[in-house]
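Excluded from the calculations below are hydrogen atoms, water molecules and symmetry mates; all remaining heavy atoms, backbone and side chain alike, are included. Note that the coordinates shown come from a computational prediction; the quantities given were computed from them, not determined experimentally.
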Amino acid sequence: MRVSTFVLIPVKRLSEAKRRLSKVLTDRERKRIVVAMLWDVLRAVAESDLVDGIAVVGSDEPVRRMAEAFGASFVEDPGGGLNEALSHGTEWCVKQGAKGVLIIPSDLPLITREDVEGVISMGVDERCVVVSPSHDMGTNALLRRPPNVISTMFGVKSVKAHIKEARRRRIPLYVYNSWRLSVDVDDPPDLRFVLEKGAGTQTHRLMRETSIYRKLERVGALQLFRIDV
C-alpha cells in the first residue's frame, strides 16, 4: 500500500540566493532566475500522482505566490540556515500526515515528473533513504522514510554525508542517478548548460526572452562542465 509522501522545497531568501550569478546578472535578473527555476521544480512535482502534498519553505512574497499558484503550502523559513529550514519544514509535513518526505532543492530547472516519481518509487521500504547526487557530489534529492530517519546534512559534498549516516544507522539506502537531477544552477556555466538542454523550461524561456542570453554569450560564459546525456 502506498504511503503518504510530501515534497519539501527550500528556497533561500531572494536577496541572498545565487550570488555567484552576480558575475553576469543584475540583482533583478538573478532573482527572476531563482523564481523561474522554482516554477520548473514545482511543475514537475505537481504533475506527479505519487506526491500527496507540497511544501515550500521560504521568506519572500513572490515565492509564496508561486507556491500557492501550484497548490503548494508555504512554510515561513525560521532562519538559521538550510538544514534548520528543512527541519522546520519536515516537522510541518509530519503534522500534515506525511510518512515520507522528499527534499528537492529549488535550483533544478531540468527536473521532470519522471525524476520525481523515480526517486519516490525507489523508497519502497518502511525505513529507507534515497539520494540523488549533483554533478559535484551535493545532494539534489533526499527521500527519508520515515521523515526523520536521518538528519539533513546539506552542504559541500553532502551526498557522501547522507550515505554515510544511512549506512551507520543500517538503513536501506538507494541512489537515484539522473543527469537532469545532477544539474543545479550555481554558476554561469550551469546556466549555459540549461540553455543547451533545457528547452521547454521556464528558466530557458526567461533567458531566451531577456538580455540574459546575450550576456552569457558576451562574457564567453562559457566553458561547459561535461555531463554525458
Side-chain angles (χ1 to χ4, degrees), residues 7-46 54-86 88-89 103-112 134-136 138-141 154-156 180-222 224-225:
V7 171
L8 181 60
I9 305 169
V11 185
K12 195 172 185 178
R13 188 177 293 275
L14 294 180
S15 61
E16 301 172 2
K18 303 302 172 188
R19 287 190 175 277
R20 280 184 275 177
L21 296 181
S22 297
K23 301 171 186 175
V24 293
L25 304 183
T26 66
D27 285 349
R28 182 172 183 271
E29 289 169 337
R30 178 171 51 82
K31 292 174 184 178
R32 291 186 70 187
I33 283 288
V34 172
V35 174
M37 291 192 293
L38 174 62
W39 193 99
D40 290 320
V41 173
L42 281 166
R43 180 181 66 171
V45 172
I54 309 169
V56 175
V57 182
S59 305
D60 297 277
E61 189 58 29
V63 173
R64 178 192 293 274
R65 291 196 299 268
M66 181 70 70
E68 292 175 349
F70 279 89
S73 298
F74 181 81
V75 180
E76 193 73 33
D77 189 334
L82 175 56
N83 288 301
E84 178 66 26
L86 292 173
H88 180 67
I103 296 169
I104 299 178
S106 61
D107 59 352
L108 306 176
L110 303 183
I111 190 174
T112 64
S134 69
H135 64 89
D136 59 357
T139 304
N140 278 356
F154 281 82
V156 178
R180 295 180 299 269
L181 272 185
S182 74
V183 181
D184 51 353
V185 173
D186 288 315
D187 295 292
D190 304 329
L191 284 178
R192 179 68 183 184
F193 191 85
V194 175
L195 276 172
E196 295 289 330
K197 301 294 183 181
T201 66
Q202 187 75 358
T203 307
H204 183 276
R205 189 174 302 114
L206 173 63
M207 288 190 287
R208 282 291 188 181
E209 293 177 356
T210 64
S211 62
I212 294 175
Y213 175 68
R214 293 189 295 275
K215 282 186 174 183
L216 291 175
E217 284 194 322
R218 189 165 60 246
V219 297
L222 302 164
L224 293 174
F225 55 82

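Counting heavy atoms from C-beta on, the side chains of V57 and I9 never come closer than 4.5 Å. Side-chain atoms of D77 and R13, non-hydrogen and from C-beta on, never get closer than 4.5 Å to each other. Taking 4.5 Å as the limit, some side-chain heavy atom of V194 sits within range of a side-chain heavy atom of M207. Taking 4.5 Å as the limit, some side-chain heavy atom of L21 sits within range of a side-chain heavy atom of P188. Inter-residue side-chain proximity for D187 and K23 is flagged as met; some heavy-atom pair is nearer than 4.5 Å. Using a 4.5 Å heavy-atom cutoff, the side chains of P78 and E84 are in contact. In this structure, the side chains of D107 and D186 come closer than 4.5 Å at one or more pairs of heavy atoms.
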For residues 29-45, which side-chain donor-acceptor pairs fall under 3.5 Å, sequence neighbours excluded?
{"from": "E29", "atom 1": "OE1", "to": "T26", "atom 2": "N", "distance (Å)": "2.9"}
{"from": "E29", "atom 1": "OE1", "to": "T26", "atom 2": "OG1", "distance (Å)": "3.4"}
{"from": "E29", "atom 1": "OE1", "to": "K215", "atom 2": "NZ", "distance (Å)": "2.7"}
{"from": "E29", "atom 1": "OE2", "to": "S211", "atom 2": "OG", "distance (Å)": "3.1"}
{"from": "E29", "atom 1": "OE2", "to": "K215", "atom 2": "NZ", "distance (Å)": "3.3"}
{"from": "R30", "atom 1": "NE", "to": "S22", "atom 2": "OG", "distance (Å)": "3.3"}
{"from": "R30", "atom 1": "NH1", "to": "L14", "atom 2": "O", "distance (Å)": "3.4"}
{"from": "R30", "atom 1": "NH1", "to": "A17", "atom 2": "O", "distance (Å)": "2.5"}
{"from": "R30", "atom 1": "NH2", "to": "D27", "atom 2": "OD1", "distance (Å)": "3.0"}
{"from": "D40", "atom 1": "OD1", "to": "Q202", "atom 2": "N", "distance (Å)": "2.7"}
{"from": "D40", "atom 1": "OD2", "to": "Q202", "atom 2": "N", "distance (Å)": "3.4"}
{"from": "D40", "atom 1": "OD2", "to": "T203", "atom 2": "N", "distance (Å)": "3.0"}
{"from": "D40", "atom 1": "OD2", "to": "T203", "atom 2": "OG1", "distance (Å)": "2.6"}

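Taken from CG in D184 to CG in L108, the straight-line distance is 6.0 Å, to the nearest 0.5 Å. We find the OG-CG distance between S73 and L8 to be 11.0 Å, quoted to the nearest 0.5 Å. To the nearest 0.5 angstrom, H135 atom NE2 is 6.5 Å from S182 atom OG. Once rounded to the nearest 0.5 Å, the distance linking CZ of F154 with CG of L86 reads 6.0 Å. Note: R214 CZ to R208 CZ = 11.0 Å, rounded to the nearest 0.5 Å. Rounding to the nearest 0.5 Å places CG of L110 at 7.0 Å from CZ of F193.
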Take Y213 and R192 through the test side-chain contact (heavy atoms from CB on, under 4.5 Å) and record every step on the way to the result. CA-CA 8 Å; Y213 175 68; R192 179 68 183 184; 4.1 Å; yes
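Under the 3.5 Å distance criterion, the side-chain polar atoms of N140 are matched with a main-chain donor or acceptor of L181. A distance-only check finds a donor-acceptor pair linking the side chain of S106 to the backbone of P10 [under 3.5 Å].
Heavy-atom minimum distance, F70 versus A46: CD2-CB, 4.1 Å.
A salt bridge links E61 and R64; the closest N-O separation between the charged side-chain nitrogens and carboxylate oxygens is under 4.0 Å.
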